[in-house]
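In what follows, a structure is listed as structure tokens, so that the remarks can point back to it.
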Amino acid sequence: MLFFGKRLNLYLAIMSINSHPPYLDKLNEVQREAALCINGPVMIIAGAGSGKTRVLTYRIAHIIKQGVDAFNVLALTFTNKAAKEMKNRIEAVVGAEARNLWMGTFHSVFAKILRIEAERIGYPRDFTIYDTDDAKSVIKSIVKELNLDDKLYKVGLIYNRISNAKNSLITAKEYITIPELMEADASSGRPLISKIFAMYQLKCFKAGAMDFDDLLVNTFKLFKEHVDVLYKYQHKFKYIMVDEYQDTNLCQYMIIKKLAAMNQNICVVGDDSQSIYSFRGANIQNILNFEKDYPELNVFKLENNYRSTSTIVNASSSIIANNKEKLDKRIYTDNAEGDKIKVVRALSDNEEGRMVAQSIFEEKNTLHIANSDFAILYRTNAQSRSFEEALRKNNIPYRVYGGTSFYQRKEIKDMVAYLRMVVNPNDDEALKRIINYPARKIGNTTVDRLTLLASENECSIWEIVKNNTQHAAELGNSVAHIRDFYIMIQSFQSMLVSKNAYEIAEYVAKQSTLLKALYEDKTVEGVSRHENVMELLNGIKEFTEDDTNENDKTISQFLQDIALLTDADKDKENKDTVTLMTIHSSKGLEFKHVYVVGLEENLFPSQLSLNSRQELEEERRLFYVAVTRAEEKLTLSFATSRFKYGNLIPCEPSRFIDEIENKYLEFSYSNTIKMELPIAKKESQTFGKGYGMNVGKPSFSRPSAQIQISANFKESNTANLTAGQQIEHQRFGKGVVVSIQDTGDNRKALIKFSEAGEKTLVLKFAKLMILE
DNA sequence: TACTAAGCTCTTTTT
DNA sequence: GAGCTTAGTA
């Protein structure tokens with residue numbers, strides 16, 4: 001079959017050799033037709049592994065070869081990394097001209113436009129981009145200001161509600177006029193959400209800040225209210241392409257529609273079976289309805305899967321066949337049958353980790369393939385732990401994508417907050433973060449007063465700081481300290497005219513005493529924090545010196561870049577590592593051998609998705625995305641019990657495993673491996689590895705020990721002590737933890753250190769659970 | 001004002 | 001498991 005497929009392609013290539021330019025030789029017939037059809041509306045339905053990126057790449061190359069200037073082409077991709085890779089590939093075909101392409105994620109491209117046009121809609125050019133944390137913090141302060149019950153008005157919930165409204169293009173003003181929304185809020189006991197929404201928008205506006213959704217909404221607003229601007233970009237973008245179209249939301253769709261209205265040269269590429277972002281407002285109907293919007297649409301279906309073995313392709317088709325909401329297409333492959341899909345059962349999450357690590361170790365040695373050929377995909381970020389531990393034990397290098405990235409770290413956010421202040425001092429969130437860090441005698445009380453004054457005057461906190469003399473009465477003794485802070489930030493700002501981004505950043509790091517504070521912290525964490533800030537400075541230096549990037553080299557630009565950076569975008573040196581990531585972030589990638597883990601009911605499909613058919617279907621599409629990442633080998637695993645918040649809970653295997661036809665599966669259950677209990681036996685009176693006692697909350701259900709390190713260590717003020725763990729802390733002392741012992745007194749545990757001797761830790765509770 | 005002890009809560013996915 | 005909050009102490 002394999003050879004036949006290749007020969008067929010060759011035959012087709014010869015047949016049509018005169019009808020297409022030679023640079024399109026690498027495409028099959030349908031792919032080529034899609035690449036050649038550049039005028040008018042086009043929809044490409046591209047199944048997993050059908051060479052979607054390739055078509056898009058050559059289509060753009062073809063457009064440029066037809067004499068269109070690259071800067072008249074707009075291509076919206078799902079990740080910045082995808083854009084970068086595609087750009088490089090296009091460059092290989094058409095040369096340096098490719099660099100002028102407008103390519104990137106919706107957010108980054110629109111941020112670029114907004115930076116040029118911001119003043120038209122009343123924002124400063126150097127507006128700040130608030131990440132989710134900043135946005136939530138703003139909401140939190142509003143809830144506080146309105147004296148609302150924060151147990152009822154949960155920050156995350158409000159954030160989602162506001163975000164959903166925005167993605168559906170509903171403004172705060174319109175929100176009040178929509179009975180469904182208002183009634184829903186009223187009946188849930190949160191009638192003031194609309195008010196919070198309005199205040200939130202105002203606060204962000206006053207702070208010169210946009211959140212992720214604003215980048216889209218404001219672009220829409222810009223085009224809607226300023227016809228001349230719309231006209232300008234309609235002219236500019238003669239050809240528009242949208243990748244991963246199934247994951248666009250209403251707002252994104254409306255913007256594209258506006259931009260494409262003049263030339264109608266719009267091409268969307270997507271796969272309804274891979275629509276997995278409805279929580280972000282993505283609407284599968286966008287792809288299902290595209291035909292209605294453009295009746296004269298040309299549709300191309302890429303159904304030949306080049307990526308995976310026929311076993312994997314057929315099995316994945318049998319999964320997705322269970323969904324009702326889907327476009328008509330039939331994925332097939334000419335590839336060889338390949339191995340059956342392994343189904344592995346483990347007794348616990350830790351055992352699951354061990355089995356997967358063991359399997360990778362064996363495959364690697366017998367097949368002689370690289371670490372980077374393996375991927376472990378899971379539903380939630382929290383699942384990575386057991387796999388990390390097991391891989392570490394087997395000395396297999398790995399890299400975890402997602403979770404807390406470099407730019408989420410406290411020290412990095414602190415440093416970045418200073419830079420944000422330099423560029424846009426009205427950025428309240430940045431100000432609150434650093435006004436007393438490092439400590440400069442401006443305590444919580446003073447900050448609260450400043451916040452209140454800012455609210456009363458409907459201005460940013462910076463305005464109050466600036467006019468501190470006018471508010472001297474309210475601010476009392478702190479005025480002098482506030483003035484010092486003001487002068488310091490101002491001195492940083494004055495450098496903007498003469499110094500480059502790196503020079504300013506370096507100066508700020510030193511003068512703010514941030515570096516000094518971190519340097520003086522000699523704990524393991526402190527040293528690493530210092531290193532991280534140095535790494536950030538180094539990054540800014542590289543950014544300043546980078547001449548391949550056509551953008552300007554200002555701090556403002558740097559901040560925008562990192563605000564929209566995804567973990568997957570960060571090009572770590574191409575080290576040979578096993579990849580660990582959520583299925584969501586695996587989209588667009590492929591690996592020789594994929595492990596889809598944690599396949600348990602209520603975990604995958606998620607418990608929260610079991611309420612409606614649509615949501616369950618989305619989980620199934622997610623499963624489809626996961627299994628279609630695999631080229632040669634696929635392993636599915638689940639555990640029959642799992643630790644959750646310290647509780648050992650029994651698990652049922654996922655219904656998705658049952659949905660695959662049996663003939664594609666190979667079950668390899670073994671009952672011989674004994675479950676290794678994470679808790680030591682009582683007789684030894686020694687706590688097991690990785691477990692100690694819970695100082696915080698006494699709980700019968702939690703056998704592990706959580707030891708609070710210090711409220712100061714904001715990033716993690718609780719931690720597990722592990723025998724063999726290195727520690728350096730004023731309270732626990734220095735050295736290696738030799739053992740953690742029960743003293744016989746329920747309230748005390750004895751921790752022995754290699755150097756600092758013994759310390760007695762007072763505990764509220766100690767319970768040893770024996771499961772064996 | 002800074003720090004600690006002890007308690008509570010959350011738990012999907014991401015730009 | 002991890003983060004956050006609150007009450008109380010230094």
Side-chain angles (χ1 to χ4, degrees), chain A residues 76-80 104-111 129-132 135 140 150-151 154-157 160 163 167 210-216 244 247-249 251-252 276-282 377-383 385 401-405 410 436 439 441-446 477-478 563-569 581-587 598 602-609 615 618-619 621-622 625-626 643-647 690-691 694-699 702 704-720 730-731 761-765:
Chain A
L76 296 162
T77 58
F78 200 68
T79 61
N80 292 307
T105 60
F106 276 89
H107 290 85
S108 65
V109 168
F110 294 162
I129 297 172
Y130 274 176
D131 66 12
T132 311
K140 207 168 161 185
D150 57 3
K151 300 234 164 57
K154 287 178 192 161
V155 173
L157 191 142
N160 285 336
S163 174
N167 283 323
M210 299 191 200
D211 66 17
F212 289 138
D213 302 319
D214 288 335
L215 293 175
L216 308 178
E244 307 282 8
D247 289 321
T248 53
N249 60 37
C251 186
Q252 293 167 322
I276 54 175
Y277 279 95
S278 69
F279 67 92
R280 223 165 74 185
L377 306 180
Y378 35 75
R379 177 68 238 264
T380 68
N381 280 307
Q383 283 165 260
R385 203 207 80 250
Y401 290 77
T404 37
S405 73
K410 181 188 177 296
N436 197 35
K441 307 209 163 155
I442 305 175
N444 287 342
T445 326
T446 310
N477 292 337
S478 321
L564 297 172
L565 207 66
T566 321
D567 208 33
D569 293 329
M581 56 167 57
T582 62
I583 300 164
H584 280 91
S585 38
S586 76
K587 197 160 62 164
N602 294 341
L603 180 63
F604 190 17
S606 157
Q607 197 167 10
L608 297 160
S609 307
E615 287 179 57
E618 176 149 328
E619 292 286 302
R621 290 196 292 269
L622 192 57
V625 169
F643 267 96
K644 199 178 179 184
Y645 322 135
N647 293 323
Y691 289 81
N694 184 356
V695 189
K697 180 190 171 194
S699 159
R702 181 195 284 174
S704 67
Q706 201 173 35
I707 295 170
Q708 194 168 3
I709 294 210
S710 162
N712 256 354
F713 291 19
K714 284 256 164 73
E715 294 307 301
S716 77
N717 63 350
T718 49
N720 284 325
Q730 46 180 353
R731 186 141 181 274
L761 181 67
V762 180
L763 299 169
K764 179 77 178 285
F765 176 82

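By convention in this document, chain letters (A, B, ...) are assigned in the order of the sequence lines, proteins followed by strands, and residues within each chain are numbered from 1.
- Distance CG (A/Leu377) to P (B/dT13): 14 Å, rounded to an integer number of Å.
- Interface remark: the A/Arg280 side chain does not form any donor-acceptor pair with the B/dT13 base, using a distance-only criterion of under 3.5 Å.
- Atom CG in A/Asn167 sits about 10 Å away from atom C1' in B/dT15, given to the nearest Å.
- Rounding to the nearest 0.5 Å places CG of A/Asn249 at 6.0 Å from CG of A/Leu216.
- What separates CG of A/Asn160 from P of B/dC10 is a distance of 14 Å, to the nearest Å.
- Legend: residues meeting side-chain hydrogen bond (donor to acceptor under 3.5 Å, both in side chains) with A/Ser606, ordered by chain and number and at least two apart, are absent.
- Lacking a ring centre under 5.5 Å from that of the base six-membered ring together with a plane angle below 30°, A/Phe279 does not count as stacked on B/dT14.
- Under 4.0 angstrom from either OP1 or OP2 of B/dT13 there lies at least one side-chain N or O belonging to A/Asn381.
- Rounded to whole Å, the distance from CD on A/Gln383 to C1' on B/dT13 is 11 Å.
- The ring-ring contact (aromatic ring centres under 6.0 Å, His included) search around A/His584 returns A/Tyr277, A/Phe279, not counting sequence neighbours.
- Closest to the side chain of A/Asn436, from the set C/dC4, B/dT15, B/dA2, is B/dA2.
- Place A/Thr446 and A/Ala382 on DNA chain B by their nearest nucleotides, and A/Thr446 ends up nearer the 5' end.
- The side chain of A/Thr582 approaches B/dT14 more closely than any other nucleotide in the set B/dT14, B/dT1, B/dC10.
- Rounding to whole angstrom units, CG of residue A/Leu157 and P of B/dC10 are separated by 11 Å.
- The side chain of A/Arg385 lies closest to C/dG1 when the candidates are B/dT13, C/dG1, B/dT12.
- Within the nucleic acid shown, A/Thr132 comes within 4.0 Å of at least one base atom, counting heavy atoms only.
- Rounded to a whole Å, the CG atom of A/Leu608 is 12 Å from the C1' atom of B/dC10.
- Within the nucleic acid shown, A/Phe106 has no heavy atom closer than 4.0 Å to any nucleic acid atom.
- Looking at A/Ser586, its side chain does come within 3.5 Å of a backbone N or O of A/Ile583 through a donor-acceptor pair.
- Not one side-chain nitrogen or oxygen of A/Lys140 sits closer than 4.0 Å to the OP1 or OP2 atom of C/dC4.
- Between A/Tyr401 atom OH and B/dT12 atom P the separation is 25 Å, expressed in whole Å.
- For A/Thr582 and A/Asn381, the side-chain atoms include no donor-acceptor pair closer than 3.5 Å.
- For the pair A/Glu615 CD and B/dT13 C1', the interatomic distance rounds to 12 Å; values are reported in whole Å.
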